[in-house]
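Read through the structure below, which is laid out as structure tokens, and then see the notes.
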Amino acid sequence: MKEVEIIFPARHNPSDNDIVAACEKSLRVRPGTIISHEVRKRSLDARSGEIKYRYRVNVALKGEAPIEPYRLLPFRNVKEADPVIIVGCGPAGLFAALKLLQLGLKPIVLERGKDVHQRKFDMAKLSKEQKVNPNSNYCFGEGGAGTFSDGKLYTRSTKKGDIREILNLFVHFGADPAILIESHAHIGSDKLPRVIENMRNSIIEHGGQVHFNSHVVDFIQTPAGWNAVVEEVNLPDENTRENLSGRKIYSAKNIILATGHSARDIYELFHSKGWTIEPKGFAIGVRVEHPQSLINNIQYHGKYQPYLPTAEYSLVTQVDGRGVFSFCMCPGGILVPAATSEGEMVLNGMSNSMRNSKWANAGVVVQVNPEDVPEYEKHGPLQVLRFQQDVEKKMYQFSNSIKAPAQRMEDFSRGVISKDLPCSSYKPGTISAPLHELLPPFVAQRLQKAFPEFNKKMRGYFTNKALLLAIESRTSSPVRIPRDKDTLQHLTLPGIYPCGEGAGYAGGIVSSAMDGINCAMKIYENK
Ligand SMILES: Cc1cc2nc3c(=O)[nH]c(=O)nc-3n(C[C@H](O)[C@H](O)[C@H](O)COP(=O)(O)OP(=O)(O)OC[C@H]3O[C@@H](n4cnc5c(N)ncnc54)[C@H](O)[C@@H]3O)c2cc1C
């Protein structure tokens, strides 16, 4: 087998025959010499000259074994198998459940939020009525924080697992096969819910269980393993709660704890029980929104055409010894309120598969380490979490609503309040604010210097047409739930597998999914 790189102009969508012919030409072999091929990657090159796609293709020639397509392991019927409790139905929990099915163990998924369709109503209500349902929102519910997102599927943590397995599972459950080859693959919020629903149906069809509206509020160690104590939530009214017999208990030898970075009550629970957790650095800053046409113009050097993908960017610089970087960029996306409780202001971004809104948004954030917030040291392992909560509250209090405090980019860097604000995709609305004073000083000062620096890499980026909105604060978990690096079990709680972003071992959809798979495999190995 050989790997060949071939190039086609971006305006040309080559057929399989075109790809094979180009590979044969590149290898200088006769037509018909290639007996099978597989496109491994496709990446856009807009650096200079004509905009083109580079294809990396594996080919097998006559006399060689043909290239075998990637095959997923089959899912087994696990109705009568040993149960494993999974708390959280985000990417970490879902992919752990799918791996357990392949390994012949029975996943019991407990999720505090609603199923993906019911969840949509709560999110619409949030934008309209500005009321957060603490159990059903942009972070909580089936599919976790990644369901109503941009659905970007690239990661730097390729060493943690096999990204092909994750992408092939997404395709198996209905995602566009193009994600298997795009270097910057994404699914989109309009397509993800169906894919997630198909995953859930498969878990149930194979004998696993998925329980929604099931908020895990405690863990109790037993001679046989663990009990997860569940309180039913999202009940139609309080009378229904009174009619219930009380809390439900689910038992298993092992629990995968995949509750995500916003499950603050889980950190509080661990802290109150004296179970080991640690403060962890995370990043905080603003969401930046530009007109997408401006970003297209910069990235394609004025040569943007509708057949090209909506332009993205990724920026990083050092300011006063600390990294300032763009995070979770959503081309053609919108800004959404991502708080999980009343009285908090939190922003995030999402896009549909077409990435066709008028706006480009991205987090631009500064790394915060525990030593940056010594005044919170008294909170022990919750030190950075308390800082995060205070900043979110402060932003909420400024507008006394989920209207986002906002400032034009150049005004922010100069330290002047914006007289007016450009139109934004953020539905709950914006309110002019002195973000240069509202943000923690070590964050504001670095951001003020970073934006003109970014302009050196992307000319036109530093402009008053761009709006900064606060606050982007849920970039990763501010707490780590530490685990043994070999067994993946909690340091002092055998049978508890801290997993995914909430435990501090992943960031993003793909790496959380990989971590879920790794925890499931460890449970099988440790059986
Ligand atoms: C709006 C938005 C856009 C994003 N866009 C992208 C993107 O494009 N690409 C990308 O890679 N990443 C993106 N992310 C980040 C990504 O979603 C997360 O990194 C990923 O979802 C983390 O996976 P997880 O399974 O570890 O946790 P989560 O997805 O956070 O899932 C945790 C689940 O646990 C449940 N839970 C919490 N506590 C309990 C409890 N006590 N009992 C029962 N259930 C509980 C929650 O309801 C939730 O469903 C985005 C996030 C948001 C909010």
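Numbering of ligands and ligand atoms starts at 1, following listing order. What you see below is based on every heavy atom in this structure, not just the backbone, and it leaves out hydrogens, waters and symmetry mates. None of the values given here were measured: they were computed from a predicted structure.
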Are any of the N/O atoms on [X], whether in the backbone or the side chain, positioned under 3.5 angstrom from an N/O atom of ligand 1?
X	value
Glu111	yes
Gly146	yes
Pro91	yes
Glu142	no
Tyr138	no
Gly349	no
Gly508	yes
Ile509	yes
Cys499	no

Salt-bridge contact [X]-[Y] (side-chain N to carboxylate O under 4.0 Å):
X	Y	result
Arg355	Glu312	yes
Asp122	Lys114	yes
Glu392	Arg386	no
Arg200	Glu142	yes
Glu182	Lys41	no
Lys522	Asp484	no
Arg264	Glu344	yes
Glu342	Lys131	no
Lys273	Asp218	yes

Atoms of ligand 1, numbered as shown, that sit under 4.0 Å from any heavy atom of [X]:
X	answer
Gly260	27 (O), 28 (P), 30 (O), 32 (C)
Gly90	25 (O), 29 (O), 31 (O), 33 (C)
His215	40 (C), 41 (N), 42 (N)
Ala258	32 (C), 33 (C), 34 (O)
Gly500	26 (O)
Ala263	37 (C), 38 (N)
Cys139	48 (C), 49 (O)
Gly144	29 (O), 31 (O), 48 (C), 49 (O)

Any protein heavy atom nearer than 4.0 Å to atom 26 (O) of ligand 1: yes
Euclidean distance, Arg480 CZ relative to Tyr267 OH, rounded to 0.5 Å: 10.5 Å
Could you identify the single nearest non-hydrogen protein atom to [atom] and state the distance to 0.1 Å?
atom	answer
atom 34 (O) of ligand 1	Gly88 CA, 3.2 Å
atom 5 (N) of ligand 1	Ser149 CB, 3.0 Å
atom 41 (N) of ligand 1	Val216 O, 3.0 Å
atom 53 (C) of ligand 1	Asn348 ND2, 3.4 Å

From Cys328, Ser136, Ala145 - option closest to atom 52 (C) of ligand 1 by heavy atom: Ala145
Best match, His186, Glu501, Met350, Lys152: closest heavy atom to atom 22 (C) of ligand 1: Glu501
Quick one: does ligand 1 sit under 4.0 Å from the side chain of [X], the backbone, both or neither, non-hydrogen atoms only?
X	answer
Thr259	both
Leu110	backbone
Arg112	both

[X] and [Y]: aromatic ring centres closer than 6.0 Å?
X	Y	value
Phe95	Phe170	yes
His211	Tyr250	yes
His490	Tyr497	no
Tyr461	Tyr313	yes

Residue-ligand contact Ala513/ligand 1, heavy atom below 4.0 Å: no
Whether Gly141 lies under 4.0 Å from ligand 1, heavy atom: yes
Asn361 side chain vs Glu289 backbone, donor-acceptor pair below 3.5 Å: no
More than 12 heavy atoms of other groups within 6.0 Å of Lys358 NZ: no
Modelled atom types, side-chain donor and acceptor of Gln367 and Asn369, under 3.5 Å: yes
